[in-house]
Every structure is written in C-alpha cells, then in structure tokens.
Number of protein chains: 2
Amino acid sequence: MDGTRRGSPGEAARRSGATVTSAAVNSRDLPHPARAEIRLEGVLHALSDPLRLRIVRELAAVGDELSCSHFDLPVTKSTTTHHFRVLRESGVIQQNYRGTAKLNGLRKDDLDGLFPGLLDALLGAAAREADRLGGA
Amino acid sequence: MDGTRRGSPGEAARRSGATVTSAAVNSRDLPHPARAEIRLEGVLHALSDPLRLRIVRELAAVGDELSCSHFDLPVTKSTTTHHFRVLRESGVIQQNYRGTAKLNGLRKDDLDGLFPGLLDALLGAAAREADRLGGA
DNA sequence: CGCTTCGTACGATAGTCGTCGTAGTACGGT
DNA sequence: ACCGTACTACGACGACTATCGTACGAAGCG
C-alpha cells in the first residue's frame, strides 16, 4: 500500500475557522494533509475499518466537532489515538487542540470539493448496512 | 480488520444471481458471497488498493466482462490472481470460467441494491482523482 | 498426443496494520 | 506547586497483505 509519508513537517498549518470565541490556543499544531494531498485510496482505506467508520458516522450525525474522549470505543486509549490519527492523515477529519481536549471535525467541505457526492453516498451506505445488520 | 476469514474452504458456495447470459459453462465453480453477505467495509477495503481500483474502473468503463489476461498490470500473474480473488470475495466482482479464460464482471446490480449510488460515487471520485493527478 | 495459454495453489518474505501497555507531555483547576 | 485529565510516543506482538517464484491443472490447437 504505498504510504502517505507523514513525516513532512511544515505546511498545512492553517486553521480554517480561527476560533474567535477565545484566544485561539493553537500552541500545538497537528499535521494535516492539504486538500490537494488527499487521496481517494487513503480515504477508502481509512473508512474500511469498522471503528473508524463508526467514528466518522457519529461525527457526521452530530455535525459538529467532538473530543476524542466523547467516543466510547471498545479499545484502549492508545488504539483510539491511532485510529484518529489515521483519519486525520488520510484527510477525513481535522483535529484542533482546545485546551486539554482535542476536537475532531469532519472535513466535509474538502471531501465534497474533491469527490462530490462521495461522502453522502458512503454515509448512506453505512447507515443502510447498520440498519440491515443491526435490524435483528 | 478481523472478520471475513477466507481460509475456510467450503462455505459460501452459493452464487447469488446466476446471471446466465448464455450456456453458462460452470464446470469449475468459484465461491462468491451472496448479496446479503457483502459488507461495506470489505468493499471499501478492496477498493482501497490502487491496482484493484484500477481493475474495477476498467471493468465499469467497458461495462462488460473481461478476462484476467486482458488487464496489463505491473505485477506478476500470481499477484493478479490474488487481487481478483480479493475483489471476488468482497463481492465487488463475479467470476465465471469460460473455457480457459475467466471472465470478470462488476456486480453492479448487487452493489446498487445494497448501497444505492455508492458505486457511481466511487467511480466518479476515482475518475476525478485520476484526472486531477494524471493531468500532468 | 504434445505444446501453449490461462489461471491456481503453495510456500516464502517483507512490509503494514490493529492492538496493547507503559511512560511521558500539555493544559487546567485546586 | 500539585494533581488529575486528555492525549501522545514508543516499543512490542500477532495477524494480515502484497509481492514473488515455482510447480501444477484445465482447455484448446497443431
């Protein structure tokens, strides 16, 4: 599977919103791929994991940013961090530190810009499958 | 990643559609997952490999069944077989022996039935990305 | 029948992935 | 200053994956 070298430091240091409410504490910056850096294969791979798909679905349902600790996943903290990192590095979500918490938000605009209709189709498919399998 | 252990030989030996275009020479039968057995995560995982995505794209573009040897992939025969198997076992394609050749066809009906709009969105996204990246 | 073509099966190997535990860093409250 | 909370980093481990090479089976053609 090739590999989106995560090493490259600089770049992609822009926050979209600027968080005007308070002082915008961006002491720690996290490396995000720029929109043009997002690869379809990476997105599909990120979403091919049940845990990650679940995270994305919840994020989409809420429509807002959620902290990592908000999710009640059946894995340890380390693993959770790992999954969020995969999602961030593939360009599916964006993460910003907010004090001690880290807020995760879907990069819906970027995804829709690159692949119109894909995210909705994916989310719809996931909802359908959850309904189909969970409808016991 | 768990799930779908392919190791077990027997099992899942049902063809769903049967899709009998012609005389259907089914001397050697290949195990396909039934429509209800297809899992979104499996499909996404299958499509997250560049080689396999390319195969599916070509299959969709032609709209017909193609033999394995039709594809000119930068890997050996063994690896090609492997990729086609992953695609078949995830429910993305169906394979039928036709004399010495093996015809591969997209399971568009099943996929559309399970996840309406997903395949088209995926194909569209792949086309867009190919255009974006290959537009050098 | 022998030979070629098409594809499979069976290792083998190197790399990636998901998972964990432990230790560590950053921020905020008391 | 101290401690708790939130998340990370690193190392490890087992499982899976992509790739290969070689050997094999099945269908068709001379």
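In the text below, chain A, chain B and the rest are named by the order of the sequence lines, each starting its count at 1.
- Residues passing the side chain to side chain contact (heavy atoms under 4.5 Å, CB included) test with A:V86 are A:A46, A:R52, A:H82, sequence neighbours excluded.
- Every residue meeting the side chain to side chain contact (heavy atoms under 4.5 Å, CB included) condition with A:A101, not counting sequence neighbours, appears here in chain and number order: A:S67.
- Taking A:A130 as the reference, A:R57 meet the side chain to side chain contact (heavy atoms under 4.5 Å, CB included) condition, with sequence neighbours excluded.
- In this structure B:T76 satisfies the side chain to side chain donor-acceptor pair (under 3.5 Å) test together with B:T79, sequence neighbours excluded.
- Spacing between atom CD of B:E41 and atom P of C:dC17 amounts to 18 Å, rounded to whole angstrom units.
- A:L30 and A:L87 are assigned to two separate hydrophobic clusters, defined by single-linkage of ILVMFWY side chains at heavy-atom distances under 4.5 Å.
- In this entry the distance linking CG of B:L44 with P of D:dT17 reads 15 Å, nearest Å.
- Using a 4.0 Å heavy-atom cutoff across all strands shown, A:H82 reaches at least one base atom of the nucleic acid.
- Residues meeting the side chain to side chain donor-acceptor pair (under 3.5 Å) test with A:S78, sequence neighbours left out: none.
- Computed from coordinates, the A:D49 CG to D:dA15 C1' distance equals 14 Å when rounded to whole Å.
- What separates CG of A:L30 from C1' of C:dT25 is a distance of 14 Å, to the nearest Å.
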Pairwise N/O distances under 3.5 Å, protein to nucleotides 22-24 of chain C:
{"residue": "C:dT22", "atom": "O4", "partner": "A:S78", "partner atom": "OG", "Å": "3.4"}

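- Contact check, A:T79 against C:dG18: no side-chain N or O comes under 4.0 Å of OP1 or OP2.
- D:dC16 atom C1' lies 11 Å from atom NE2 of A:H45, rounded to whole Å.
- Applying the 4.0 Å criterion to OP1 and OP2 of D:dA18, one finds that B:R52 has a side-chain N or O inside that range.
- When the side chain to side chain donor-acceptor pair (under 3.5 Å) test is applied to A:E65, no partner is found at least two apart in sequence or on another chain.
- A:L111 and B:L133 sit in two unconnected hydrophobic clusters of ILVMFWY residues. Membership requires side-chain heavy atoms under 4.5 Å apart, directly or through other members.
- Legend: salt bridge (Lys or Arg N to Asp or Glu O under 4.0 Å) pairs involving residues 106-115 of chain A, not counting sequence neighbours, sorted by first then second residue: A:R35-A:D110, A:R107-A:D110, A:K108-A:D112, A:K108-A:D120.
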Show each protein N/O and nucleotides 3-7 of chain C N/O combination with a separation under 3.5 Å, one pair to a line.
{"residue": "C:dC6", "atom": "O4'", "partner": "B:T100", "partner atom": "OG1", "Å": "3.2"}
{"residue": "C:dG7", "atom": "OP1", "partner": "B:C68", "partner atom": "N", "Å": "3.2"}
{"residue": "C:dG7", "atom": "OP1", "partner": "B:K102", "partner atom": "N", "Å": "3.3"}
{"residue": "C:dG7", "atom": "OP2", "partner": "B:S69", "partner atom": "N", "Å": "2.9"}
{"residue": "C:dG7", "atom": "OP2", "partner": "B:S69", "partner atom": "OG", "Å": "3.2"}
{"residue": "C:dG7", "atom": "O3'", "partner": "B:K102", "partner atom": "NZ", "Å": "3.3"}
{"residue": "C:dG7", "atom": "N7", "partner": "B:K77", "partner atom": "NZ", "Å": "3.2"}

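- Evaluation of the side chain to side chain donor-acceptor pair (under 3.5 Å) rule for B:T81 yields no partner, not counting sequence neighbours.
- In this structure, the CD atom of A:Q95 is 16 Å from the P atom of D:dA6, given to the nearest Å.
- Atom CZ in A:F84 sits roughly 13 Å away from atom P in C:dT19 (whole-Å rounding).
- One atom, NE2 of B:H83, and another, P of D:dC16, lie 18 Å apart when rounded to the nearest Å.
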Sort me out a list of protein N/O and nucleotides 13-15 of chain C N/O pairs below 3.5 Å, or just none if empty.
none

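- Screening residues 52-80 of chain B for ring-ring contact (aromatic ring centres under 6.0 Å, His included) gives B:F71-B:F84 as the qualifying pairs, with residues at least two apart or on separate chains.
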